[in-house]
Amino acid sequence: MDGTETVLADDAVADALPSVVHGQPGAVLLVRTTDGTVLFANPLAEQLAPEVRLPCAVDDWARAAGLQASDGSELSDPGTGEAASPLSRIARGEPVGGERVSAARGNDQAAPREALWVVGLPLDDAPVEQLSTLALVVLLPLREKQLVDGTRESAEQLHSRAVLASDLSFTISDPNQPDDPLVWVNPAFEKVTGYGRDVLGTNCRFLQGPDTDRQAVVRISKALAAGETITELLLNYRKDGTAFWNEVVISPVRDREGRITHHVGVQSDVTLRVQAERERDAALAVARDARRRLEFLSEVADALSAVLDPDAAQDLLPSLVVPKFAEWAFATVLDASGRTRHVRARHADPARAADAERFQEVQAGLRDASVSMRVLRGQLGPTLVRVTDADVSRGVGETEANELIHRMGMGSALVVPLRARGQVTGALTLLSGPDRPAYTDDDLLTATDLGARAGVALENARLYAQQRRSSETLQRSLLTAPGDTPGLEVATRYIPAAEAAQVGGDWYDAFTQPDGSSTVVIGDVMGHDVSAAAAMGQLRTLVRALAYDRSAAPREVLQRLDHLLDGLGVSTLATAVVLQMDGAPDAGHRRVRWCTAGHLPPVLARPDGSVGELEGDGLILGLGGGVERVQHEALIERGSTVLLYTDGLVERRDRPMEARLAELRAAVAELAGAPLEELCDQLIARMLPGGSDDDVAIVAARVVGR
């Protein structure tokens, strides 16, 4: 290995050592080199050899501490020459630049051992006579195994191990003198700070400067006064005025009577480490901020997407950005004629809630010169402004709204378009208020993304509402009111699905046949789309035509319907019940005939309060012609009520069908005496308090006198 390689290896180890030992309080000994006696020890050194009373021989102290060399051999046998233990060499006045040893943890020799780094520095150059015959021994704990191993392996290749101590500066001060002055510093102290032996006799506060943490200085003073070891990270200043981060570990050294004789300081320039940590922390902060912003945007979009009413979504938007992103905010949209149609404001301070509500009322129209209106009309893109009195006057004039804005607070503002499908449909205005930091360009980017997401959600709500209105209009146009049916009172209800804007396939019908019989029909086409609605209309028309043409009975109606669907190639699948009552009552009764095609059984409520079902089964419609349908007959009394319904009234994912049908029969029994219209409304309220995921159709028919 040539000289260049040696220097590189030395530098690598010197750079690695502070990473291994920084921030760790060390065990400190003062050893008299004339006879190898340990005179003083700091508290951590006392913990390594708790049974030892000072002064004692250095080998006795090493044995009591259970020190071993890196190869596991004992350090208590001094040996000779290069084979001598580091403590023995230090005791002879030789410097030890750094060697790896291990110590027992307390008195437990079987427990994992503590890795230590030994540095020995003779104080023969100390200006104080009482120190010149001493050597400073520092045993530093090693933190990380990988760095420890790398440092050891590199050290084994060095010609001179003294380089290992070159990056750690050591100082000794005398607390028994006024102001605890420095009495010795090693060459590394001058290398790190620029100050040499000329500072001996002064307190080391000369390293402090304008940005030194005063609280840290106070903590050091309190620890030293209490006789405790202290570790602090300080921003100190070199002799040339440049700042550096100094990691300081100061330990008291006590004599055998427990009196503090000296303070030993181990100092390390950790500027690069601190800078790296700060850069890492800054990068993590940026990442955390980006994650928080994405989570915020996602929360707003999800909340708006769950609201299907456009006015409710516009009302909700300002409350989703306050207080997380704004002190107060308002949303504005335009109607088809270009006039302000909707302004909704929300303030973070409950005390200003009334002002925000009043702002909604008085701010019927923003002036064209306002930033909000200019963004709304596409004249400006996303805008960040510092709001001034002049801005408010231009935007709303000298009005009550002007006063409200001043009371709610101005600060800076972000105004972003609510955009969907390439069109600006509204604007969102966010104000920071006077007590929050002003908005930044990053905030503008977030608000712009927010406006885009909110704009799409609001537009989707508007389109949903439009489609829902169209769907309901189409559905209800196909479900005409029941015709006049003598001797029979009929009430109907149709409720579209609560969470769908699609046209359903549920239908009902009630009409009088040419022979005077009354026919009531309920049906449900499978599917929820325009095709289902078209099939529903087709089936409803076919059933009405087949039943009316020949005053056909229910069985005939469904069998002929099977034949027609099969012959015409209609692939529709549907369930249905066709019920027919004779036109002429029989001694207060009416004869009823019904036929079922895979539908839930109608409920029959009798005048005596009993409730039952009109049982029946049969294949669903659309499975082919030639199906033999079964017709049932019964006599029902005047005053009886028959309820026909689709499965949306009783189906629930969290309840079995049998239980729901029992609930329906119980509700019908309780409401049987109520007027028919009220009965229908109460049934829906009781059976579907939270709405239904499916369409619901109901026909209630009550037998009355002719």
Side-chain angles (χ1 to χ4, degrees), residues 289-290 292-293 296-297 300 314 317-334 338-349 352-353 355-420 423-455 458:
D289 184 61
R292 284 195 297 266
R293 288 173 183 260
F296 166 68
L297 292 172
V300 172
Q314 292 160 8
L317 176 57
S319 65
L320 295 176
V321 299
V322 171
K324 282 188 176 181
F325 198 47
E327 182 68 11
W328 67 286
F330 62 90
T332 313
V333 297
L334 296 177
R339 293 174 300 183
T340 303
R341 179 173 62 84
H342 187 96
V343 174
R344 175 62 64 183
R346 181 62 63 94
H347 201 287
D349 184 357
R352 299 267 73 89
D355 288 338
E357 186 172 348
R358 181 58 182 164
F359 180 78
Q360 297 168 188
E361 297 171 358
V362 302
Q363 191 53 35
L366 295 167
R367 285 186 170 184
D368 289 341
S370 69
V371 175
S372 296
M373 285 299 294
R374 294 172 68 193
V375 170
L376 190 62
R377 297 186 184 281
Q379 298 168 354
L380 286 177
T383 302
L384 165 60
V385 295
R386 173 72 184 178
V387 183
T388 64
D389 292 342
D391 294 324
V392 177
S393 296
R394 282 194 300 271
V396 298
E398 298 298 330
T399 63
E400 183 182 356
N402 187 313
E403 298 174 3
L404 289 169
I405 290 175
H406 279 82
R407 283 209 299 268
M408 289 189 287
M410 297 184 295
S412 59
L414 300 170
V415 186
V416 295
L418 303 176
R419 189 184 300 273
Q423 299 293 322
V424 176
T425 59
L428 176 64
T429 302
L430 309 159
L431 292 104
S432 67
D435 299 327
R436 293 191 179 207
Y439 285 124
T440 66
D441 289 338
D442 286 342
D443 294 326
L444 182 60
L445 292 175
T446 300
T448 302
D449 195 351
L450 172 65
R453 298 186 186 209
L458 294 177

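Side-chain atoms are counted along with the backbone in the values below, which use heavy atoms only and exclude waters and symmetry mates.
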Inset, instruction - Please identify each residue that fulfils side-chain contact (heavy atoms from CB on, under 4.5 Å) with Ala447, with sequence neighbours left out. - result: Phe325, Leu414, Val416, Leu430
Legend entry - Stepwise side-chain contact (heavy atoms from CB on, under 4.5 Å) check, Arg346 with Val321: CA-CA 9 Å; Arg346 181 62 63 94; Val321 299; over 6 Å; no
Inset, instruction - First locate atom OG1 of Thr332, then atom CG of Leu317, and finally report the distance between them rounded to the nearest 0.5 Å. - result: 10.0 Å
Inset, instruction - Nearest 0.5 Å please: distance from the CG atom of Leu320 over to the CG atom of Leu297. - result: 11.5 Å
Inset, instruction - Output the distance between atom CZ (Arg453) and atom CG (Leu418), rounded to the nearest 0.5 Å. - result: 14.0 Å
Legend entry - Side-chain touch Pro323/Arg436, heavy atoms, less than 4.5 angstrom: yes
Legend entry - Minimal non-hydrogen separation, Ala345 against Ala356, with atom names: CB-O, 3.7 Å
Inset, instruction - Tell me, yes or no, whether the heavy-atom count around Glu357 atom CD, taken from other residues, nucleotides or ligands under 6.0 Å, exceeds 12. - result: no
Legend entry - Backbone of Gly381 reached by a side-chain donor or acceptor of Thr383 within 3.5 Å: yes
Inset, instruction - Check the pair Met408 / Leu431 against side-chain contact (heavy atoms from CB on, under 4.5 Å), numbers first and verdict last. - result: CA-CA 9 Å; Met408 289 189 287; Leu431 292 104; over 6 Å; no
Legend entry - Side-chain (Ser432) to main-chain (Gly411) donor-acceptor, under 3.5 angstrom: no
Inset, instruction - Might you point out which heavy atoms bring Ala331 and Pro318 nearest each other, and give the distance in Å? - result: N-CG, 4.0 Å
Inset, instruction - For Asp391 and Thr388, indicate whether the former's side chain and the latter's backbone hold a donor-acceptor pair under 3.5 Å. - result: yes
Legend entry - Between Thr440 and Asp443: side-chain donor-acceptor atoms closer than 3.5 Å: yes
Legend entry - Residues Glu327, Arg352: salt bridge by 4.0 Å N-O rule: no
Inset, instruction - Considering non-hydrogen atoms only, spot the tightest contact between Pro417 and Val424 and give its length. - result: CB-CG1, 4.0 Å
Legend entry - Atom pair CG (Leu450) and CG (Leu444), whose distance is rounded to the nearest 0.5 Å: 11.5 Å
Inset, instruction - Test side-chain contact (heavy atoms from CB on, under 4.5 Å) on Asp449 and Leu445 and set out the steps. - result: CA-CA 6 Å; Asp449 195 351; Leu445 292 175; over 6 Å; no
Legend entry - Heavy-atom closest contact (Ser372 atom, Phe330 atom, distance): OG-CZ, 3.7 Å
Inset, instruction - Could you tell me whether a side-chain N or O of His347 sits under 3.5 Å from a main-chain N or O of Asp355, the two making a donor and an acceptor? - result: no
Legend entry - Trp328 and Asp349: CA distance, side-chain angles, deciding distance, side-chain contact (heavy atoms from CB on, under 4.5 Å) verdict: CA-CA 8 Å; Trp328 67 286; Asp349 184 357; over 6 Å; no
Legend entry - Arg293 side chain vs Asp442 backbone, donor-acceptor pair below 3.5 Å: yes
Legend entry - Val333 side chain near Thr425 side chain, heavy-atom distance below 4.5 Å: no
